[in-house]
Amino acid sequence: MRKMRLPFILSFIMLLGLFSCTSTEQKEATLQLKATAQGPFFAGPNSLMAEYSINPADLFDSEGLKKSDIEEVKLKSVSIDLAKSDSIALDQFTSVSLSIVGGDEPMTALAILNPIEGSNTPLTLTVSEEADLAPFFQADKVTFILDWDFISDDYREEMNSQITLNLNAALKSN
């Protein structure tokens, strides 16, 4: 009986040592995306889309980083800027929100600004503190959905917005 305990204890100590060698490092990243949609746009929410192909090594400036090394991704801030070429004013909207969808994950709300006050851009949205983007960043591709809530119909052909996300990630480091 005593001889059986020794290999078990040694195995446990080796596994504990192996897992303690894996540490987590914090990395920050800024992701800039262009969201677009074709008009016309009608009163109420209208969605602009921005697809993003995930490359964690480039995003987090960490050579050899794999998607499976991403443990947690949180939003620090989100800002939205209207394209100057669209010549549209903020007073045409009541609110703006940002969501993400991709992989096998359900659509998740990330940030919102309601109501829109003032006329200056970029707008800083209130971010969701609970949303963990790690499952999305472990997929191959995600889509960011920017919903502008129009006050009235607008018959322009196209609309563009710049999305800037500041991220904080917990990454496995070996």
Side-chain angles (χ1 to χ4, degrees), residues 22-42 44-86 88 90 93-116 121-150 154 156-174:
T22 304
S23 62
T24 302
E25 69 175 306
Q26 297 293 316
K27 285 272 193 162
E28 293 185 359
T30 299
L31 182 57
Q32 293 189 325
L33 305 163
K34 180 181 177 184
T36 62
Q38 300 298 311
F41 301 97
F42 300 102
N46 289 265
S47 298
L48 283 68
M49 309 265 185
E51 285 194 354
Y52 178 69
S53 295
I54 309 295
N55 184 336
D58 287 346
L59 178 61
F60 297 109
D61 196 26
S62 188
E63 192 173 321
L65 181 68
K66 300 180 297 264
K67 292 175 187 170
S68 60
D69 294 334
I70 301 172
E71 290 185 343
E72 181 181 67
V73 178
K74 294 287 188 174
L75 276 174
K76 288 177 49 180
S77 65
V78 174
S79 63
I80 307 296
D81 204 356
L82 293 166
K84 306 283 185 258
S85 60
D86 288 344
I88 192 167
L90 287 177
F93 308 103
T94 59
S95 66
V96 62
S97 64
L98 181 67
S99 301
I100 187 172
V101 67
D104 295 331
E105 299 299 315
M107 184 180 293
T108 301
L110 300 179
I112 189 166
L113 180 60
N114 187 11
I116 294 175
T121 60
L123 297 171
T124 301
L125 280 60
T126 303
V127 299
S128 168
E129 294 179 13
E130 301 88 38
D132 181 10
L133 281 67
F136 295 100
F137 281 86
Q138 292 167 347
D140 292 328
K141 187 184 286 187
V142 295
T143 301
F144 289 90
I145 301 149
L146 183 64
D147 283 323
W148 286 102
D149 194 355
F150 280 73
D154 186 308
R156 68 185 61 245
E157 292 181 20
E158 182 179 39
M159 184 175 163
N160 301 286
S161 295
Q162 181 73 30
I163 304 169
T164 303
L165 300 122
N166 292 308
L167 308 168
N168 187 20
L171 309 171
K172 291 180 192 173
S173 63
N174 297 322

Any side-chain heavy atom of Leu167 within less than 4.5 Å of one from Leu75? yes
Minimal heavy-atom distance between Tyr52 and Leu33, with the atoms involved, is CD1-CD2, 3.8 Å
By salt bridge (Lys or Arg N to Asp or Glu O under 4.0 Å), Lys34 pairs with (sequence neighbours left out) none
Of all heavy-atom pairs between Glu72 and Lys74, which one has the smallest distance, and what is that distance? OE2-CE, 3.5 Å
Which atom of Lys67 lies closest to which atom of Phe137, heavy atoms considered: CG-O, 3.9 Å
Do the side chain of Asp61 and the main chain of Leu59 share a donor and acceptor less than 3.5 angstrom apart? no
Hey, does Thr164 have a side-chain heavy atom less than 4.5 Å from the side chain of Thr30? yes
Testing Leu110, Leu113, Leu165, Thr124 one by one against Val78 for a side chain to side chain contact (heavy atoms under 4.5 Å, CB included), which residue passes? Leu165
Minimum heavy-atom separation for Ala131 to Ala109, with atom names? CB-O, 4.1 Å
Residues, nucleotides or ligands: over 12 heavy atoms within 6.0 Å of Gln26 CD: yes
CG-CG distance between Asn46 and Asp154, expressed to the nearest 0.5 angstrom: 9.0 Å
Below 4.5 Å, heavy atoms only, C-beta onward: do Leu146 and Val96 meet side chain to side chain? yes
Nearest 0.5 Å, what's the OG-CD1 distance between Ser95 and Ile116? 6.0 Å
Minimum heavy-atom separation for Ala50 to Ala35, with atom names? CB-CA, 3.9 Å
Could you give the distance from OG1 (Thr94) to CG (Asn114), rounded to the nearest 0.5 Å? 6.0 Å
With side-chain contact (heavy atoms from CB on, under 4.5 Å) as the test, would you mind laying out the steps for Thr36 and Leu48 before giving the verdict? CA-CA 5 Å; Thr36 62; Leu48 283 68; 5.7 Å; no
Between Phe60 and Lys27, which heavy-atom pair has the shortest distance, and what is it? O-NZ, 3.5 Å
Has Asn168 got a side-chain atom pairing as donor or acceptor with Glu28's backbone, closer than 3.5 angstrom? no
What distance separates Phe136 CZ from Lys141 NZ, expressed to the nearest 0.5 Å? 16.0 Å
How about Asn55: does its CG atom have over 12 heavy atoms from other parts shown lying under 6.0 Å from it? yes
Side chain to side chain contact (heavy atoms under 4.5 Å, CB included) with Lys84: of Leu82, Asp81, Asp86, Ile88, only one passes, and it is Asp81
Result block: side-chain N/O donor-acceptor pairs under 3.5 angstrom for residues 97-107, not counting sequence neighbours:
none

Once the angle between the rings of Phe93 and Trp148 is folded into 0 to 90°, is it parallel (under 30°), tilted (30 to 60°) or perpendicular (over 60°)? tilted
Under the 3.5 angstrom rule, does the side chain of Ser62 hit a backbone N or O of Leu65 as a donor-acceptor pair? no
What I'd like to find out is whether the side chain of Ile112 reaches to under 4.5 Å of the side chain of Leu125, using heavy atoms alone. no
For the residue pair Ile54 and Gln138, establish whether any side-chain heavy-atom pair is separated by less than 4.5 Å. no
Would you compute the distance between atom CG of Asn166 and atom OG of Ser77 and round it to the nearest 0.5 angstrom? 3.5 Å
